[in-house]
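In the text below, chain A, chain B and the rest are named by the order of the sequence lines, each starting its count at 1.
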There are 4 protein chains.
Amino acid sequence: MQKITETIVKQTISRRKAQSHKGTYGRVMTIGGNRQFGGAIILSTSAAVYAGSGLVTCVTDPINFASLHARLPEAMVISNQDATSIKQLLPTMDVVVIGPGLGENYQALKLLELTFSTIQKQQTLIIDGSAISLIASHHLKLPDTHLIFTPHQMEWQRLSGLPIKEQTPRNNRQVQEKLAGTVIVKSHRTEVYLATSKNNWRNTAGTAAMATGGMGDTLTGIIAGFVAQFADSNQAVLAAVYTHSKIADYLAKKQYVVLPSQIITHLPEYMAKMAQSEND
Amino acid sequence: MQKITETIVKQTISRRKAQSHKGTYGRVMTIGGNRQFGGAIILSTSAAVYAGSGLVTCVTDPINFASLHARLPEAMVISNQDATSIKQLLPTMDVVVIGPGLGENYQALKLLELTFSTIQKQQTLIIDGSAISLIASHHLKLPDTHLIFTPHQMEWQRLSGLPIKEQTPRNNRQVQEKLAGTVIVKSHRTEVYLATSKNNWRNTAGTAAMATGGMGDTLTGIIAGFVAQFADSNQAVLAAVYTHSKIADYLAKKQYVVLPSQIITHLPEYMAKMAQSEND
Amino acid sequence: MQKITETIVKQTISRRKAQSHKGTYGRVMTIGGNRQFGGAIILSTSAAVYAGSGLVTCVTDPINFASLHARLPEAMVISNQDATSIKQLLPTMDVVVIGPGLGENYQALKLLELTFSTIQKQQTLIIDGSAISLIASHHLKLPDTHLIFTPHQMEWQRLSGLPIKEQTPRNNRQVQEKLAGTVIVKSHRTEVYLATSKNNWRNTAGTAAMATGGMGDTLTGIIAGFVAQFADSNQAVLAAVYTHSKIADYLAKKQYVVLPSQIITHLPEYMAKMAQSEND
Amino acid sequence: MQKITETIVKQTISRRKAQSHKGTYGRVMTIGGNRQFGGAIILSTSAAVYAGSGLVTCVTDPINFASLHARLPEAMVISNQDATSIKQLLPTMDVVVIGPGLGENYQALKLLELTFSTIQKQQTLIIDGSAISLIASHHLKLPDTHLIFTPHQMEWQRLSGLPIKEQTPRNNRQVQEKLAGTVIVKSHRTEVYLATSKNNWRNTAGTAAMATGGMGDTLTGIIAGFVAQFADSNQAVLAAVYTHSKIADYLAKKQYVVLPSQIITHLPEYMAKMAQSEND
């Protein structure tokens with residue numbers, strides 16, 4: 001396997017051009033957050049904003065509007081029951097995230113199906129958490145778009161049919177080819193199987209201090225922000241995976257546990273360092 | 001074009017007189033924030049408070065009350081459906097901002113019309129975002145008061161009829177004269193066409209790290225706070241434009257993206273520096 | 001007039017005794033915060049907690065519960081419509097604050113009357129803002145308890161009948177004697193007329209950077225916390241007035257405007273310094 | 001009595017194994033927070049998350065969802081009226097906390113009874129605050145599970161029948177034996193009576209700066225996080241008691257009062273120090 005290192009991040013995060021505006025840095029929609037798991041979509045949405053996406057809209061249960069805006073006035077919100085607005089806005093996005101805190105009930109299924117039927121070919125769809133489980137349990141047909149799956153090992157077992165012990169690079173790659181999307185299998189050393197390259201990648205950063213709820217939701221937001229902004233999608237995915245873990249490694253020097261919200265607030269500073277050393 | 005530099009900020013922000021109270025530093029009303037765009041009015045209102053306005057009242061959808069107060073207990077709130085209170089309080093204000101997160105539906109139009117019919121001749125009205133689009137699409141007659149428009153280039157196209165490529169100083173000035181208000185065309189080098197002076201101004205500060213949602217909403221709040229406090233309105237407008245970008249430039253030294261809420265929290269410190277060097 | 005200086009603060013804030021519990025440091029109830037002015041009661045309540053009161057309960061419109069707890073999980077809340085709970089809990093308090101953001105409508109008046117009829121002789125009642133205006137406009141009879149009034153100059157005019165120009169120490173003292181409570185007339189040099197002492201006091205701290213909304217609400221919370229904790233009520237009042245302004249003076253060295261919420265977060269540190277130098 | 005010192009904390013908090021995930025560090029459920037006391041359960045839940053528990057679910061009145069998530073997106077929430085979800089999820093937890101801000105009305109009693117009837121033998125149940133009072137007043141039969149009681153002295157009087165003056169180690173131990181659970185009697189020098197050891201322990205850390213509301217709620221969350229993560233439950237309890245007070249001692253060097261939320265945010269750093277000195 002190829003190693004994911006800081007070199008990729010430095011290659012990916014480039015200095016911004018002076019003549020640009022918020023539209024230049026991509027539109028992201030995050031879909032999830034039912035009544036029980038609102039925190040998950042707050043983290044994913046916050047990560048997309050702090051990672052530099054220019055415009056971020058969060059589709060969630062209205063019970064989560066106040067807490068989201070209390071933390072992040074920079075994002076916009078749409079009710080997860082407002083199918084009309086979703087259908088209208090979703091096609092204008094560069095990247096859509098579905099899954100963080102989505103849940104697995106009937107309403108969640110309908111929202112996932114609406115997303116699948118509305119997404120356009122040129123868009124990128126990041127599928128996480130409950131959305132992965134719903135696809136597995138309901139044998140949903142995947143849409144024809146740029147797909148990125150971000151399962152942890154148990155979710156990957158559900159989607160791929162591979163027990164954790166059989167999740168070898170070779171087996172993972174075989175299932176990836178059927179899914180026709182990029183697959184990110186999250187673990188203490190996350191693996192990435194890119195859809196448009198035969199190389200398999202393994203993360204070299206990461207710490208047990210990250211083993212806490214909301215960490216995966218945060219990764220989806222960083223991936224969304226990076227893919228929305230940077231030219232090369234594959235590099236963006238790899239750089240996001242590394243960035244997420246590397247900030248945690250840094251914080252873990254002084255913290256027993258690293259909270260997802262702490263990683264998020266450190267994104268702008270870490271990214272600035274990487275952009276400045278782009279030509280080193 | 002004249003250059004907007006720190007000199008203007010130093011001339012504008014004067015040391016406060018010992019014998020003063022909150023009424024001395026102006027009353028500001030911010031109107032906007034529907035169910036979808038609540039964050040925009042939170043940012044605009046916060047900027048007005050941190051810029052030093054003595055008393056700030058936010059008119060918004062009640063769904064935004066909790067998030068606004070969680071971030072900013074210093075502001076007061078009124079429901080955007082409470083026409084009676086708006087009619088009663090609006091004429092007591094020094095500056096009114098309308099537009100951030102207002103939206104463009106029927107309710108937004110009614111609120112804009114209510115504002116136009118209530119505002120008094122001696123007050124200042126800052127018109128931003130959706131309010132600009134509503135004026136353009138509904139051909140609304142402008143009220144007779146001190147007007148400040150803060151369009152980005154696309155909104156300016158809608159209002160002026162000038163395609164972005166034809167937004168030259170000469171053309172912009174011609175439209176400004178018809179509007180009879182100050183026009184601030186936001187871009188990576190924002191331009192200001194003052195209503196009561198023939199000089200055209202271009203900002204010398206600003207960074208691509210500012211290209212993110214909510215940045216314009218924040219500028220309106222700073223302008224409101226400055227106009228409410230400082231004697232010379234033209235200087236106040238120019239100083240606000242520079243201050244907003246200069247703080248971002250400072251933060252961008254260490255951050256890849258600068259969030260509007262971060263600019264807001266740095267206002268008191270930057271303003272103190274400017275006031276202290278007033279006679280340098 | 002006597003000068004209020006740091007000496008009084010050092011005399012007042014004593015080191016805490018090892019053998020103590022939260023009940024030792026007093027129970028405070030803050031009453032106020034209608035739908036429009038929720039921020040005021042959030043500030044007052046926060047100040048009481050950060051000033052060291054052991055147990056603080058906030059009586060407010062339920063619309064303010066979420067924002068209060070988002071900022072201050074240390075406080076308890078009761079609906080301002082829950083007369084039963086108020087009647088039951090109010091007599092168990094050491095200090096009650098009424099007024100910050102209370103408003104002046106019929107519901108506010110009823111709440112004020114309920115407070116007047118429930119408060120006990122040995123308790124301290126701090127009367128601020130709208131509560132002062134309501135007393136003046138409705139000629140309410142004051143309850144027989146330890147009263148502290150905290151009007152700004154306009155509110156003092158309403159309550160005392162003295163135009164601002166005639167608010168001389170001699171005149172103020174005369175009205176104070178009729179009110180039979182301590183009177184704190186807030187201005188850039190706040191004056192204190194103690195109920196149980198003939199000395200008149202003037203604050204030596206304070207800055208124009210404090211001239212912003214919510215500042216008075218914050219002072220009431222600090223007074224409540226100090227009176228609830230410290231043995232000598234008169235000293236507690238004077239020390240609170242000075243502490244509030246002195247922290248602002250300190251922050252104003254680097255800030256053009258000082259926000260009430262910033263003063264609040266600095267209370268524990270300033271108080272620690274004063275307690276440590278108690279015997280200097 | 002044995003002394004609780006930092007040595008126990010160092011022995012308890014071990015470096016995390018690289019190969020781990022959020023499930024490795026335990027599932028915690030916190031139950032409490034009615035309409036009046038929502039802050040208590042926010043503090044308890046936050047403490048469990050910052051203490052390192054991998055997955056934390058808060059069962060509370062839905063009025064507290066927004067404030068909880070505004071502070072802590074890392075936690076999940078369930079309505080305290082959703083008995084179905086509680087019954088389904090509670091048995092999957094490692095540790096359950098019941099009591100912080102629970103209140104003592106009929107609904108609180110039903111929730112306590114539901115918890116008692118649902119909890120499994122191998123789980124740990126921490127009983128705090130109002131839950132202790134409810135057991136005493138309703139003579140509830142305790143469930144057969146690992147029990148930890150965290151009364152302050154007045155609550156211990158209610159539960160044990162011992163007046164505060166008679167709460168000697170010998171008497172406390174006798175009642176503890178009947179309860180068949182670990183008992184933590186909170187005071188300025190908290191005492192611990194472990195269920196599976198005859199040693200009695202007294203805390204050597206703690207400060208009068210901790211005498212403020214919400215402090216006990218915070219302790220329950222730390223205990224829950226430690227018991228969920230660390231192998232030896234008795235050590236985990238002792239280490240949690242010390243950690244809570246030791247962080248407060250540290251903060252009290254510069255603060256007159258230490259707020260519970262400040263202790264919470266310092267947990268990851270203190271725990272990292274202890275883990276690093278584990279072999280010193």
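- Atom CD of residue C/E74 and atom CD of residue D/Q262 lie 7.5 Å apart, to the nearest 0.5 angstrom.
- For the pair D/S67 and C/A70, the tightest heavy-atom approach, listed with the atom from each and the gap, is CB-N, 3.5 Å.
- For the atom pair CD of C/Q19 and CZ of D/R189, the computed distance is 9.5 Å after rounding to the nearest 0.5 Å.
- In terms of non-hydrogen atom pairs under 4.5 Å with chain C, the most contact-rich of D/G216, D/G213, D/S187, D/A252 is D/G213.
- Distance check, rounded to the nearest 0.5 Å: NZ of C/K22 to NE2 of D/H152 gives 5.0 Å.
- D/Q36 is listed as a side-chain neighbour of C/L89, based on a closest heavy-atom distance under 4.5 Å.
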message: Evaluate C/H69 against D/L68 for side chain to side chain contact (heavy atoms under 4.5 Å, CB included), listing each step before the verdict.
response: CA-CA 8 Å; C/H69 272 146; D/L68 177 80; over 6 Å; no
Acceptor/donor pairs from residues 45-53 of chain C side chains to any protein atom, 3.5 angstrom cut, sequence neighbours excluded:
unit_1, atom_1, unit_2, atom_2, d
C/T45, OG1, C/T30, OG1, 2.9
C/T45, OG1, C/I41, O, 2.6
C/S46, OG, C/I42, O, 2.7
C/S53, OG, C/G26, O, 3.2

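- In this structure, chain C has a heavy atom under 4.5 Å from the backbone of D/K253, while its side chain stays farther away.
- Neither the backbone nor the side chain of C/L267 comes within contact range of chain D; no heavy atoms are under 4.5 Å apart.
- In this structure, C/A66 and D/A66 approach most closely via the heavy-atom pair CB-CB, 4.2 Å.
- Counting heavy-atom pairs closer than 4.5 Å to chain D, the top-ranked of the candidates C/P268, C/S20, C/S79, C/G23 is C/P268.
- Of the inter-residue distances, the one linking C/E269 atom CD with D/K254 atom NZ reads 6.5 Å to the nearest 0.5 angstrom.
- You'll find the side chain of C/R16 stays beyond 4.5 Å of the side chain of D/T207, heavy atoms only.
- Of the listed residues D/A40, D/P260, D/A208, the one with more heavy-atom pairs under 4.5 angstrom with chain C than any other is D/A208.
- No side-chain heavy atom of C/M274 sits under 4.5 Å from any side-chain heavy atom of D/Y256.
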